[in-house]
A.B. asks: 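Right, I'll just put the structure down here and ask away after.
Indexing begins at 1, ligand by ligand and atom by atom, following the structure's order.
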Amino acid sequence: MSAQVIDGKAYAEGLRQRVAVAVGQLKATHKLTPGLAVVLVGEDPASQVYVRNKHKQTIEAGMESFEHRLPASTPEAELLALVDKLNQDPSVHGILVQLPLPAQIDANKVINSINPDKDVDGFHVVNAGRLATGQDSLVPCTPKGCVMLAKDKLGDLTGLEAVVIGRSNIVGKPVAQLLIAESCTVTIAHSKTKNLADVVRRADLVIAAVGRPEMVKGSWIKPGACVIDVGINRVEVDGKGKLVGDCDYASCAQVAGSITPVPGGVGPMTIACLLRNTLHAACALNGIAMPKL
Ligand code: GUN
């Protein structure tokens, strides 16, 4: 058997187009242009690529993009002052501080200084709490993208056994919350889980977010399961750089019913969901109903 390939790139393009249409309507009807501020501290190469893509896709969606680049030596107080300025700025509806931050800056302190209603990453404790308690919240982008792809492929997720591998605040924990909200039976596995292969073998839906190249093998997968691979790992093959996921694609694709490739699976969904969150924030901050996308 060979798994169906879940085309996250195509799904993300469609979502970005729907966001762009809604932005056009918001401008025409309410004279409101959603604005996203992205703050990059330092010169981490992967972060620079993300920030450049975010800027480009924000403009393409018809939104305003405000980029703030600060040196790696920036003191924490200076970053907090910038966030405060963005919190006060009515043309900024979404604020994203790119992670990781340099060692002298307490990332949690910075994230929790963002107005929760402008926190388009959904990382603020208030948004994590709202998500965990089933209240309307800004939801982390990569987890939202995973669940959108799973629902697009499987339809209703009610009653499915979902195994999340990884317990990070950015992916593992929030994706587990979203799956609980979809009425899945959710297990969160991680690096200390005993008999991980046996745990994963129970899953109708596997979300791999561990950050270890090709760790999940085909022999771990229940035949027909849906595999969502969040990993983006750069490895050297024959002296050349290559991107691989947390799943061993070749063996998993032989057993799974459907699987996301790397690249072209979950990756493109993150920015598409970020744009959706920025639209959501712009509407909510102005008392306008969020359009259905
Ligand atoms: N670094 C890697 N992924 C992300 C993300 O989704 N948001 C932010 N702010 N930083 C990141």
A.B. asks: So does Lys151 pair up with Glu182, basic N to acidic O under 4.0 Å?
C.D. replies: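 Counted as a salt bridge, because a side-chain N and a carboxylate O are separated by less than 4.0 Å.
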
A.B. asks: Does ligand 1 have a heavy atom under 4.0 Å from the side chain of Leu99, from its backbone, from both, or from neither?
C.D. replies: both

A.B. asks: Just by distance, do the side chain of His190 and the backbone of Lys192 share a donor-acceptor pair under 3.5 Å?
C.D. replies: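 Yes.
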
A.B. asks: For atom 4 (C) of ligand 1, what's the nearest protein heavy atom and its distance?
C.D. replies: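 Result for atom 4 (C) of ligand 1: Gln98 NE2, 4.2 Å.
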
A.B. asks: Within less than 4.0 angstrom of ligand 1, does Asp121 place any heavy atom?
C.D. replies: yes

A.B. asks: Output the list of atoms in ligand 1 that are nearer than 4.0 Å to some heavy atom of Leu96, sorted by atom number.
C.D. replies: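 Those qualifying, in numeric order: 9 (N).
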
A.B. asks: Report yes if Ile170 has an N/O atom closer than 3.5 Å to an N/O atom of ligand 1; otherwise report no.
C.D. replies: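 No; the residue has no nitrogen or oxygen that sits under 3.5 Å from a nitrogen or oxygen of the ligand.
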
A.B. asks: Salt bridge check: are Arg130 and Asp136 linked by an N-O gap of less than 4.0 Å?
C.D. replies: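 Salt bridge: no.
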
A.B. asks: Are Asp121 and Lys54 within salt-bridge range, i.e. N to O under 4.0 Å?
C.D. replies: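 Judged by the 4.0 Å cut-off on N to carboxylate O distance, Asp121 and Lys54 do not form a salt bridge.
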
A.B. asks: Going by atom type alone, with no hydrogens or angles, which donor-acceptor pairs under 3.5 Å involve a side-chain atom of residues 208-217 and a protein atom two or more places apart or on another chain?
C.D. replies:
from   : atom 1 : to     : atom 2 : distance (Å)
Lys217 : NZ     : Glu214 : O      : 2.7

